[in-house]
Chemist: 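First the structure, then my questions, so here it is.
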Number of protein chains: 2
Amino acid sequence: MPQPSAQRRGRPPRISREEIVETARRIVDAEGVGRLTMRRLATEIGSTPMALYHHVRDKDELLVLLLDDYAARMLRRPDLPPDPRERVVAVAGTIHAMLAGVPWIVEVLTADDLLSEAALWFTEQIVDGLVACGLTPDDAVRGYRTIWYYTAGEIMVRAASTRRRERDDRPTYRERVFGGIDPAELPRLSALADRWAPLTAEDTYLDGLRALVDGLVARAGTA
Amino acid sequence: MPQPSAQRRGRPPRISREEIVETARRIVDAEGVGRLTMRRLATEIGSTPMALYHHVRDKDELLVLLLDDYAARMLRRPDLPPDPRERVVAVAGTIHAMLAGVPWIVEVLTADDLLSEAALWFTEQIVDGLVACGLTPDDAVRGYRTIWYYTAGEIMVRAASTRRRERDDRPTYRERVFGGIDPAELPRLSALADRWAPLTAEDTYLDGLRALVDGLVARAGTA
DNA sequence: ACCTGAACACCGTTCAAGT
DNA sequence: ACCTGAACACCGTTCAAGT
């Protein structure tokens with residue numbers, strides 16, 4: 001119920017930032033970020049593109065708002081195991097599980113390697129866990145970044161290949177390339193040609209993560 | 001010198017696939033993939049957008065052609081150290097060094113986790129190196145994928161943050177977020193707030209890669 | 001203060017026609 | 001066979017005007 005304040009003067013707003021973000025979220029959930037356009041959003045909201053620019057600076061700002069909105073309603077802090085190494089794995093695994101369903105978020109937030117204020121807790125846990133495993137604070141930050149690269153890469157690469165598979169009927173680049181392999185020159189790949197597709201379909205994120213964390217911790221003693 | 005063949009009939013072509021790819025490469029090298037549009041390419045070539053569609057199916061196909069072109073002129077096989085673990089590190093490091101300068105390639109090729117025929121040699125070396133370290137062939141493929149996720153993630157995240165830094169003058173998301181940290185709740189991050197920017201600027205790809213490979217090899221004995 | 005319409009400067013791609 | 005012009009169905013954003 002819009003309640004015209006005695007203080008504020010001028011025309012009462014017909015649309016709000018909240019309504020914009022909410023509608024944007026609905027579009028993105030239903031059809032992906034690719035379908036979110038200022039024009040589409042405006043019609044959906046029953047307004048004009050330009051009205052939006054009165055509430056958000058530009059599309060980029062809208063995406064950041066959307067990000068915060070997702071973070072606020074998506075982030076659930078996992079139970080933390082006592083062992084610090086397992087804690088790092090659990091936290092990174094949770095981040096991965098949360099983001100895998102909404103890969104567009106990774107694209108928006110890659111630039112800054114952390115999600116939003118609500119997500120800093122996750123970063124804190126990983127850095128703290130790595131320190132508890134014996135890394136210096138500086139190395140723990142480096143380790144956190146390494147884990148993030150791996151996590152973001154996994155999500156983006158998988159999202160991209162799913163996207164391709166969905167819309168493309170021509171044989172994939174991969175199939176074309178694997179077809180022409182010379183076993184003399186590339187013996188391993190030629191022996192593995194049949195296994196490649198099923199192996200690629202596997203979800204090996206956690207295995208890779210464990211290997212990475214093991215390696216980071218093992219190197220702490222070395223340096 | 002166009003030499004009208006006696007066999008081929010009809011209007012002689014005025015533009016060729018080669019010329020299209022070559023011009024596209026010039027644009028991308030000079031201004032980035034973001035600036036490569038069919039219209040722009042057509043004017044650059046002195047033709048119309050539609051003439052291009054006679055030589056390439058669509059923009060996606062053009063990007064793949066461009067990819068092959070880059071692969072052919074960029075790939076240099078590194079010297080391989082005898083130790084298999086070092087071999088994996090050397091090959092992945094070479095891939096990373098080659099791609100870091102042209103991050104758009106990663107975006108195009110993420111979908112298929114290998115570049116082109118010319119790049120299969122690199123995949124072969126990594127898989128073979130991991131097998132020589134004691135991994136089963138299947139695990140070596142999984143390990144290769146893990147390395148690729150990490151490598152692609154590193155390049156894409158770094159590219160995205162560079163992009164932001166270039167065009168944005170408002171304080172970054174990160175700065176805003178770090179400003180409001182509560183030391184009681186996030187002690188590590190608050191202690192590291194000043195170190196975050198310089199640590200993030202560091203190139204730690206190789207350190208992370210070594211940790212990852214160590215971890216992959218160490219787990220081979222476990223399973 | 002808030003919203004609108006028209007316009008600018010773009011996209012990728014299709015279609016029908018020209019040589 | 002190859003190329004062109006005009007058009008379709010879009011983009012994000014700015015500007016000047018309206019209420």
Side-chain angles (χ1 to χ4, degrees), chain A residues 1-21 23-24 27-28 31-66 104 107-108 163-164 167-170, chain B residues 1-21 23-24 27-28 31-66 104 107-108 163-164 167-170:
Chain A
M1 50 204 80
Q3 192 178 288
S5 138
Q7 325 294 17
R8 293 225 272 148
R9 45 192 73 249
R11 196 166 168 174
R14 270 220 277 275
I15 60 179
S16 65
R17 242 170 131 95
E18 289 74 51
E19 193 184 356
I20 291 172
V21 173
T23 312
I27 295 174
V28 168
E31 307 178 37
V33 236
R35 302 296 268 276
L36 179 66
T37 70
M38 298 302 268
R39 287 157 191 271
R40 165 78 189 278
L41 181 53
T43 17
E44 203 93 337
I45 230 169
S47 182
T48 67
M50 272 322 297
L52 304 178
Y53 284 89
H54 234 267
H55 301 266
V56 301
R57 176 207 283 240
D58 54 21
K59 199 184 174 181
D60 258 35
E61 192 183 82
L62 174 62
L63 286 174
V64 172
L65 290 174
L66 207 54
W104 67 267
E107 282 155 49
V108 174
R163 216 150 40 219
R164 286 258 155 133
R167 68 172 166 70
D168 224 334
D169 37 344
R170 25 185 164 163
Chain B
M1 49 201 82
Q3 192 179 288
S5 138
Q7 324 293 17
R8 293 225 272 147
R9 44 192 73 251
R11 194 165 170 174
R14 270 220 277 274
I15 59 179
S16 65
R17 244 171 130 94
E18 290 74 50
E19 192 184 356
I20 291 173
V21 173
T23 312
I27 295 174
V28 168
E31 308 179 35
V33 236
R35 302 297 269 276
L36 179 66
T37 71
M38 298 303 267
R39 288 158 191 270
R40 165 78 190 278
L41 181 54
T43 17
E44 204 92 337
I45 230 169
S47 182
T48 68
M50 273 322 297
L52 303 179
Y53 285 88
H54 236 268
H55 300 266
V56 301
R57 176 207 282 238
D58 54 20
K59 198 184 175 181
D60 259 35
E61 192 184 82
L62 174 61
L63 285 174
V64 172
L65 290 175
L66 207 52
W104 68 267
E107 282 155 49
V108 174
R163 216 153 39 221
R164 285 258 155 135
R167 69 170 166 71
D168 224 335
D169 38 342
R170 25 186 163 163

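Fair warning: this is a prediction, and the values are worked out from it, not measured in the lab. All chains are named by letter (A, B, ...) in the order of the sequence lines, taking the proteins before the strands, and each is independently numbered beginning at 1.
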Chemist: Starting at atom OH of A:Tyr53, determine the distance to atom P of D:dC11, rounded to an integer number of angstrom.
Modeler: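 To the nearest whole Å, that distance equals 11 Å.
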Chemist: Side chain of B:Arg14: nearest nucleotide among D:dC3, D:dT13, C:dC3?
Modeler: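 My answer, after comparing the listed nucleotides, is D:dC3.
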Chemist: Pairing of DNA chain D as dot-bracket, 5' to 3': ( ) intra-strand, [ ] crossing, | other strand, . unpaired, with Watson-Crick or G-U pairs under 3.5 Å?
Modeler: ||.|||||...|||||.||
Chemist: Rounded to the nearest Å, what distance is computed from the CG atom of residue B:Leu41 to the P atom of nucleotide C:dC10?
Modeler: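 Checked: the CG to P distance equals 16 Å.
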Chemist: Can you measure A:His54 atom NE2 to D:dT19 atom P for me and round it to whole angstrom units?
Modeler: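 Between P of D:dT19 and NE2 of A:His54: 16 Å.
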Chemist: What integer number of Å spans the P atoms of C:dC10 and D:dA9?
Modeler: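 Straight-line distance between the two P atoms is 22 Å.
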Chemist: Between B:His55 and D:dC2, is there a contact of a side-chain N or O with OP1 or OP2 at under 4.0 Å?
Modeler: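 False: B:His55 side-chain N/O out of range (4.0 Å or more) of D:dC2 OP1/OP2.
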Chemist: Does any N or O in the side chain of B:Arg17 come within less than 3.5 Å of the main-chain N or O of B:His55, such that one atom is a donor and the other an acceptor?
Modeler: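 A pair under 3.5 Å: yes.
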Chemist: Is the phosphate of D:dC3 approached by B:Ser47 (side-chain N or O, under 4.0 Å from OP1 or OP2)?
Modeler: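 Answer is no, no contact under 4.0 Å.
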Chemist: Write down the distance between CE (B:Met50) and P (C:dT14), rounded to a whole number of angstrom.
Modeler: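 Rounding to the nearest Å, CE of B:Met50 and P of C:dT14 are 8 Å apart.
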Chemist: Rounded to whole Å, how long is the line connecting atom CG of A:Leu36 with atom P of D:dC11?
Modeler: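 Rounded to whole Å, this separation is 10 Å.
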Chemist: Taking C:dA16 as the reference, what is the distance to D:dC3 when you measure between their C1' atoms (whole Å, please)?
Modeler: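 Taking atom C1' in both D:dC3 and C:dA16, they lie 13 Å apart.
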Chemist: Taking the nucleotide of DNA chain C with the closest heavy atom to each, which residue, B:Pro49 or A:Ile15, is nearer the 5' end?
Modeler: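 The 5'-side residue here is A:Ile15.
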Chemist: Give me the atom names and distance for the closest heavy-atom approach of B:Glu44 to B:Ile27.
Modeler: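 Closest approach of B:Glu44 to B:Ile27: OE2-CG1, 4.0 Å.
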Chemist: Does B:Thr48 place a side-chain N or O at less than 4.0 Å from the phosphate oxygens OP1/OP2 of D:dC3?
Modeler: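 So the side chain of B:Thr48 is outside the cut-off, no N or O lying under 4.0 Å from OP1 or OP2 of D:dC3.
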Chemist: Please report the C-alpha distance between A:Ile20 and A:Leu65 in whole Å, then the side-chain angles of each, then the deciding distance to 0.1 Å, and finally whether the side-chain contact (heavy atoms from CB on, under 4.5 Å) criterion is met.
Modeler: CA-CA 10 Å; A:Ile20 291 172; A:Leu65 290 174; over 6 Å; no
Chemist: Specify the separation, in whole Å, of atom NZ of A:Lys59 and atom P of C:dC11.
Modeler: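 For the pair A:Lys59 NZ and C:dC11 P, the rounded distance is 16 Å.
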Chemist: Which heavy atom of A:Ile15 sits nearest to which heavy atom of A:Ile45, and what is that distance?
Modeler: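 Smallest interatomic distance, heavy atoms only, reads CG2-CG2, 4.3 Å.
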Chemist: Picking from B:Val21, B:Val56, B:Leu62, what satisfies side-chain contact (heavy atoms from CB on, under 4.5 Å) with B:Leu41?
Modeler: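 By the side-chain contact (heavy atoms from CB on, under 4.5 Å) criterion, B:Leu41 pairs with just one of B:Val21, B:Val56, B:Leu62: B:Leu62.
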Chemist: Rounded to the nearest angstrom, tell me the gap between atom CD1 in A:Ile20 and atom C1' in D:dG12.
Modeler: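 Answer to the nearest Å: 15 Å.
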Chemist: I want to verify a distance call: between C:dC11, D:dT13, C:dT13, whose nearest atom is closest to the A:Arg39 side chain?
Modeler: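 Out of C:dC11, D:dT13, C:dT13, the nucleotide with an atom closest to A:Arg39's side chain is D:dT13.
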Chemist: Measure CD/B:Glu61 against C1'/C:dT13 and give the value in whole Å, please.
Modeler: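 Those two atoms, CD and C1', are 15 Å apart.
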Chemist: Base, sugar-phosphate alone, or nothing: which one does A:Met38 contact when heavy atoms must sit under 4.0 Å apart?
Modeler: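 The answer is sugar-phosphate, as A:Met38 gets under 4.0 Å only of primed atoms, P, OP1 or OP2.
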Chemist: State plainly whether the residues B:Glu31 and B:Arg40 are in salt-bridge range, i.e. N to O under 4.0 Å.
Modeler: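 Yes, charged N to carboxylate O under 4.0 Å.
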Chemist: Can you see which heavy atom on A:Tyr53 is nearest to which on A:Asp58, and at what distance?
Modeler: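 Heavy atoms only, the tightest pair is CE2-CA, 4.0 Å.
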